[in-house]
Participant: 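Submitted below is the structure of interest, expressed as structure tokens.
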Amino acid sequence: MRFNVSRQPIVPAFLTLVLLAVLAMCNTTTGVVMPHTPWSEGLEVGSMWYWLLGFQAAHPTWSHLIGGLLMIFSGMTLGRLSIVYRIYGTRTCIPIPLYGIAVLGVATSGFYLPALVASTLLTLSLKNFCYSQRNGYSFDRLFRGGMFLSLLILVAPVTFPLMVMFILSMALFRNTTREMLVALTGFLLPVFALCYLNWALGGIFYAPLIEIYHEAIHEAFWLLMPLKFLDDGYRVLGVTLIVLMVLDLIALLFFRRNSYALPAPARRVLYMASHLFGLTVLLYLFPVSDPAWLQALVAVPSALLLGALFIRLRHQVAQLLYPILLLAAIVALYL
């Protein structure tokens, strides 16, 4: 029986993702990007970005293990989301390896662990917001979705525009005002906990908020920042990211033309992924410290959107495009 990449079962999809995770963690960049001096006075705990970066520098073996497990967990989570809602109209696990292909280049950055943590948090937030579309109230799902979104912003403050996911969830999944208040409570809980910890250690209560503000807003919309993709150390990531975005745009065109053929829950999930893709691309205008940040975030909606592309391509084209993407991602890892 001939293997169909568009409708591949769980076993080959999982094994492909595991292989990509092993290759990624065996080819990580050894150098660690040192953080800058904190902006705010009275800051005792630092940001979660510094904690993860310090852990990566002090424990490289554990960082490799955790990074690989995060890749596998995120890919499997997105695959399960696509199966639960049958977002392609058929049962397929193709988002699982597609996530691995999309996020593989993150390993070449000097801070792969914080980037993979951010990608996992975005995956969990998207999953819980999508699972909130059900009969009755979804307080638990929305609380967790808001909490993971807050943790994402604490890890990567530049992602604060993703707070629009609250509005998208309310519009797409028709959440009530009470449900969104619960989601907002989940969002504020990690922020309050970090401020309280900083105050308990002798710092100023609101100092972490000032630090997050400066990291997120400082030099925002500096349009020369995209020129970093032209640097020698960023060219491979830049080309990979551009190819990924072009394929995502083609997938969006296919989805928009055929969205009426899908059931309403599946259509809402893909609409959420489409809007999330647009939001992550907008982060390109912000002072992202490395293109790997952007690739780690774009990989989440890309895994779902590229699945819609492969399902609607001709069989011969899909059979050819999939191994090309897989081999290109692996080759780019070694360049």
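The analysis underlying the following values was restricted to heavy atoms, covering all of them including side chains, and did not include hydrogens, waters or symmetry mates.
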Participant: Counting only N and O atoms by type, is there a donor-acceptor contact under 3.5 Å from the side chain of Q319 to the main-chain atoms of Q316?
Facilitator: no
Participant: Are L262 and I87 side-chain neighbours, meaning at least one heavy-atom pair lies under 4.5 Å?
Facilitator: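 In short, these two side chains do not touch, never coming nearer than 4.5 Å.
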Participant: Where do P208 and C195 come nearest, in terms of heavy atoms and distance?
Facilitator: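 What the structure gives for the nearest pair is CG-CA, 4.1 Å.
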Participant: So which heavy atom on R268 is nearest to which on L172, and how close?
Facilitator: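 R268 and L172 have their closest heavy atoms at CD-O, 2.9 Å.
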Participant: Looking at G100 and L17, what are the two nearest heavy atoms and their distance?
Facilitator: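 Residues G100 and L17, closest heavy atoms: CA-CD1, 3.7 Å.
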Participant: Step by step, work out the side-chain contact (heavy atoms from CB on, under 4.5 Å) result for V281 and D248.
Facilitator: CA-CA 11 Å; V281 171; D248 284 333; over 6 Å; no
Participant: Is it true that a side-chain atom of S6 and a backbone atom of F310 form a donor plus acceptor pair closer than 3.5 Å?
Facilitator: yes
Participant: Between W51 (side chain only) and V155 (backbone N and O only), is there a donor and an acceptor less than 3.5 Å apart?
Facilitator: no
Participant: What's the spacing between M180 CE and N175 CG if we round to 0.5 Å?
Facilitator: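 M180 CE to N175 CG: 5.5 Å, rounded to 0.5 Å.
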Participant: Hey, does L122 have a side-chain heavy atom less than 4.5 Å from the side chain of L276?
Facilitator: yes
Participant: Mind running side-chain contact (heavy atoms from CB on, under 4.5 Å) on I10 and I96 for me, showing each step along the way?
Facilitator: CA-CA 8 Å; I10 181 65; I96 296 175; 3.6 Å; yes
Participant: How long is the gap from CD1 on I330 to CG on L325, to the nearest 0.5 Å?
Facilitator: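 I330 atom CD1 to L325 atom CG measures 11.0 Å (nearest 0.5 Å).
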Participant: Once you measure the plane-to-plane angle for Y196 and W199, does it fall in the parallel (<30°), tilted (30-60°) or perpendicular (>60°) bin?
Facilitator: tilted
Participant: Which value, rounded to the nearest 0.5 Å, describes the distance between L53 atom CG and Y112 atom OH?
Facilitator: 10.0 Å
Participant: For Y206, I'd like to know if atom OH has over 12 heavy atoms of other residues, nucleotides or ligands within 6.0 Å.
Facilitator: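 It does not: Y206 OH has 12 such atoms or fewer within range.
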Participant: Do V243 and Y322 land in one hydrophobic cluster if side-chain heavy atoms of ILVMFWY residues count as linked below 4.5 Å?
Facilitator: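 Yes; Y322 is reachable from V243 via cluster members.
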Participant: L152 and A118: which non-hydrogen atoms are nearest, and at how many Å?
Facilitator: CD1-O, 3.3 Å
Participant: Within the distance-only criterion (no hydrogens, no angle test), does the side chain of Q133 pair as donor or acceptor with the backbone N or O of P265 below 3.5 angstrom?
Facilitator: yes
Participant: Would S302 and L98 count as a side-chain contact (heavy atoms from CB on, under 4.5 Å) here? Give the steps.
Facilitator: CA-CA 8 Å; S302 294; L98 287 177; over 6 Å; no
Participant: When you measure from the side chain of S119 to the backbone N and O of L297, does any donor-acceptor pair fall under 3.5 Å?
Facilitator: no
Participant: So how far is it from N128 CG to T123 OG1, rounded to the nearest 0.5 Å?
Facilitator: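 Rounded to the nearest 0.5 Å, the CG-OG1 separation comes to 11.0 Å.
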Participant: Do L249 and L252 touch side chain to side chain, with heavy atoms closer than 4.5 Å?
Facilitator: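 Yes, close enough: below the 4.5 Å cut-off.
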Participant: Is the shortest heavy-atom distance from the side chain of L304 to the side chain of L126 under 4.5 Å?
Facilitator: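 A side-chain contact under 4.5 Å exists here.
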Participant: Find out whether R86 and R91 are in side-chain contact, i.e. whether some heavy atom of one side chain is under 4.5 Å from a heavy atom of the other.
Facilitator: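 Result yes, sub-4.5 Å side-chain heavy-atom pair found.
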Participant: Closer than 3.5 angstrom, by distance alone: can the side chain of N198 be matched with the main-chain N or O of L194 as a donor-acceptor pair?
Facilitator: no
Participant: Quick one: does I83's side chain get under 4.5 Å of C93's, heavy atoms only?
Facilitator: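 Touching, per the 4.5 Å side-chain cut-off.
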Participant: Using ring-ring contact (aromatic ring centres under 6.0 Å, His included) as the criterion, list what pairs up with H59, not counting sequence neighbours.
Facilitator: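 So H59 forms a ring-ring contact (aromatic ring centres under 6.0 Å, His included) with F55.
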Participant: What about V106 and Y334, same hydrophobic cluster or not, with Ile/Leu/Val/Met/Phe/Trp/Tyr joined at side-chain heavy-atom distances under 4.5 Å?
Facilitator: yes
Participant: Output the distance between atom OG (S63) and atom CE (M25), rounded to the nearest 0.5 Å.
Facilitator: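 These two atoms lie 9.5 Å from each other.
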Participant: Is there any ring-ring contact (aromatic ring centres under 6.0 Å, His included) pair reaching into residues 73-104, and which pairs are they, with sequence neighbours excluded?
Facilitator: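 Checked against ring-ring contact (aromatic ring centres under 6.0 Å, His included) - neighbours excluded - the pairs reaching residues 73-104 are Y85-Y131.
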Participant: Identify the heavy atoms of G67 and L113 that sit nearest to each other, and give their distance.
Facilitator: N-CD1, 4.3 Å
Participant: Using only atom types and a distance under 3.5 Å, with no angle test, would you say the side chain of S169 pairs donor to acceptor with the backbone of M165?
Facilitator: no
Participant: For the CG atom of L305 and the CD1 atom of I250, what is their distance to the nearest 0.5 Å?
Facilitator: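 One finds 12.0 Å between CG of L305 and CD1 of I250.
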Participant: Can you list every salt bridge (charged side-chain N to carboxylate O under 4.0 Å, His left out) pair that touches residues 140-154, not counting sequence neighbours?
Facilitator: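 For residues 140-154: R134-D140, D140-R144.
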